[in-house]
Amino acid sequence: MPTCFVCKKDVTSGYVLCGDCAGELKSGRIPPVLAGFAAWLGNELAQNDTVNTCSMCKAGKCDDLSVCRKGVTAWFRERAEEFLEASNSGVLGRLTTVCPFPEVFEDFEPAGSPGEGTPRRKIGHIRADYDGHRWWNTVWTSHWDLATAEIKAEIDSTYKALTASDALCDLNTLRRFCWSHPEAQFSPEIDDDFNFYLTGETCDFWVRLITREKDYNMYLSVYAKADQGQEAQ
């Protein structure tokens with residue numbers, strides 16, 4: 001079954017784009033990735049009070065407007081390349097916005113059991129926030145007995161990769177990444193909560209990112225794969 005190349009949803013009609021994303025690309029509508037870059041760039045400019053035409057083109061004071069235009073164009077292109085490279089490389093490039101393991105959210109511990117309401121394959125989650133200087137986190141377990149040594153190692157490496165300097169190193173970087181994927185938004189009404197998914201080697205991850213300041217900004221939930229988890233009764 002084909003998928004939309006923008007939002008990755010199944011396209012049952014066989015077209016390259018689904019209807020929602022095709023609408024985004026209509027004349028006069030800004031494409032999602034460009035909207036994300038514009039939002040990121042606006043934030044960069046708002047945070048940088050030294051940006052002006054001369055500093056952009058690095059030519060210092062000059063009277064040749066054409067040089068400044070060339071400098072501004074080059075500056076925008078450099079920033080766009082940085083933005084796209086960061087969004088598509090490493091662990092961020094492996095994240096998807098359509099869940100490849102939806103069955104984990106349909107199989108819960110039965111009512112009356114100690115883990116009532118908990119997905120039967122959920123190993124646990126890391127809850128993290130960025131305090132303006134560094135990431136802080138706490139670990140919450142669910143079915144920790146499902147965590148092998150290999151799974152524990154992959155959980156650690158995945159969290160470190162997500163918060164590394166070339167990934168979601170701080171809250172503003174996290175926001176830029178989320179804004180570049182509007183299809184991952186929780187709902188049209190909630191624009192500060194985003195859902196991403198990662199298929200790991202030994203386990204699978206739901207990466208919930210929250211752009212609100214002074215809130216938890218990342219929930220990294222971990223699930224055992226089907227052949228490792230508890231089978232539904």
Side-chain angles (χ1 to χ4, degrees), residues 1-12 18 86-129 135-164 166-169 173-174 177-178 180-187 190 193-210 216-233:
M1 180 180 292
T3 57
C4 170
F5 79 90
V6 174
C7 73
K8 310 307 179 187
K9 294 177 183 175
D10 290 339
V11 183
T12 55
C18 73
S87 296
N88 296 321
S89 64
V91 68
L92 299 185
R94 294 170 54 206
L95 298 181
T96 65
T97 57
V98 176
C99 182
F101 42 87
E103 64 279 358
V104 302
F105 301 108
E106 301 168 354
D107 181 19
F108 294 91
E109 291 292 349
S113 66
E116 178 180 352
T118 303
R120 290 157 62 88
R121 281 164 50 189
K122 183 174 181 180
I123 295 172
H125 69 270
I126 296 176
R127 186 176 67 183
D129 67 280
W135 283 97
W136 297 89
N137 72 78
T138 53
V139 177
W140 300 77
T141 63
S142 297
H143 296 298
W144 198 243
D145 56 303
L146 297 176
T148 63
E150 293 76 15
I151 287 177
K152 292 176 183 178
E154 185 167 10
I155 294 172
D156 288 341
S157 63
T158 299
Y159 176 77
K160 289 178 181 178
L162 285 169
T163 56
D166 60 349
L168 307 176
C169 59
T173 304
L174 180 148
F177 178 72
C178 289
S180 71
H181 295 84
E183 73 277 14
Q185 191 172 303
F186 182 81
S187 72
I190 302 177
D193 202 324
F194 296 76
N195 294 311
F196 297 90
Y197 307 91
L198 174 64
T199 301
E201 293 293 328
T202 64
C203 55
D204 296 318
F205 300 89
W206 169 26
V207 186
R208 180 187 173 198
L209 302 179
I210 300 170
Y216 292 107
N217 304 117
M218 180 188 301
Y219 286 83
L220 180 63
S221 297
V222 188
Y223 301 89
K225 291 183 177 292
D227 57 353
Q228 300 166 325
Q230 304 174 37
E231 296 296 333
Q233 299 297 319

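Positions are given from 1, in the same order as the sequence printed here.
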inquiry  = Is the distance from the ring center of Trp206 to that of Phe105 below 6.0 Å?
reply    =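 Ring centroids of Trp206 and Phe105 are less than 6.0 Å from each other.
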Between Phe196 and Phe205, ring centroids under 6.0 Å =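 Ring centres of Phe205 and Phe196 not closer than 6.0 Å.
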Which heavy atom of [X] sits nearest to which heavy atom of [Y], and what is that distance?
X      : Y      : value
Tyr197 : Pro100 : CB-CD, 3.7 Å
Arg94  : Thr199 : NH2-O, 3.4 Å
Leu92  : Ala167 : CD1-CA, 3.9 Å
Ala128 : Asn137 : CB-CB, 3.9 Å
Ile123 : Ala147 : CG2-CB, 3.8 Å

key: side-chain contact (heavy atoms from CB on, under 4.5 Å) partners of Trp136, counting only residues at least two apart   =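 Asp129, Asp131, Arg134.
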query = Of all residues at least two apart in sequence or in a different chain, which pass the side-chain contact (heavy atoms from CB on, under 4.5 Å) check with Lys160?
reply =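 Listed in chain order: nothing, the list is empty.
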Side chain proximity check, [X] to [Y], heavy atoms < 4.5 angstrom:
X      : Y      : result
Leu146 : Lys122 : no
Phe186 : Arg208 : no
Asp204 : Lys225 : yes
Glu109 : His143 : yes
Met218 : Leu162 : yes
Thr138 : Ile126 : no
Val91  : Leu198 : yes

message = Quiz question: by atom type and distance under 3.5 Å, do the side chains of Thr202 and Glu154 form a donor-acceptor pair?
response =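 Short answer, yes.
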Just by modelled atom types, is the [Y] backbone N or O under 3.5 Å from a matching donor or acceptor in the [X] side chain?
X      : Y      : value
Thr173 : Cys169 : no
Ser187 : Ile190 : yes
Arg121 : Ala224 : yes

Point-to-point distance, once rounded to the nearest 0.5 Å, from OG1 of Thr97 to NE2 of His181 =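 Those atoms lie 7.0 Å apart.
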From SG (Cys203) to CD (Glu150), nearest 0.5 Å =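 Here the rounded value is 10.5 Å.
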request  = For Tyr159, enumerate each residue passing the ring-ring contact (aromatic ring centres under 6.0 Å, His included) test, keeping only those at least two apart in sequence or located in another chain.
outcome  =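 With sequence neighbours excluded, Tyr159 shows a ring-ring contact (aromatic ring centres under 6.0 Å, His included) to no residue whatsoever.
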message = So, applying side-chain contact (heavy atoms from CB on, under 4.5 Å) with Leu209, which one of Asn217, Leu174, Asp193 is it?
response =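 Only one option passes, and that is Leu174.
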key: Exceeds 12 heavy-atom contacts within 6.0 angstrom, atom CH2 of Trp140   =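 Incorrect, the count does not exceed 12.
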task = Walk me through it: do Arg127 and Tyr216 pass the test side chain to side chain donor-acceptor pair (under 3.5 Å)?
result = CA-CA 7 Å; Arg127 186 176 67 183; Tyr216 292 107; 3.2 Å; yes
query = What orientation do Phe101 and Tyr223 show, parallel under 30°, tilted 30 to 60°, or perpendicular over 60°?
reply =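 Answer is tilted, since the angle falls between 30° and 60°.
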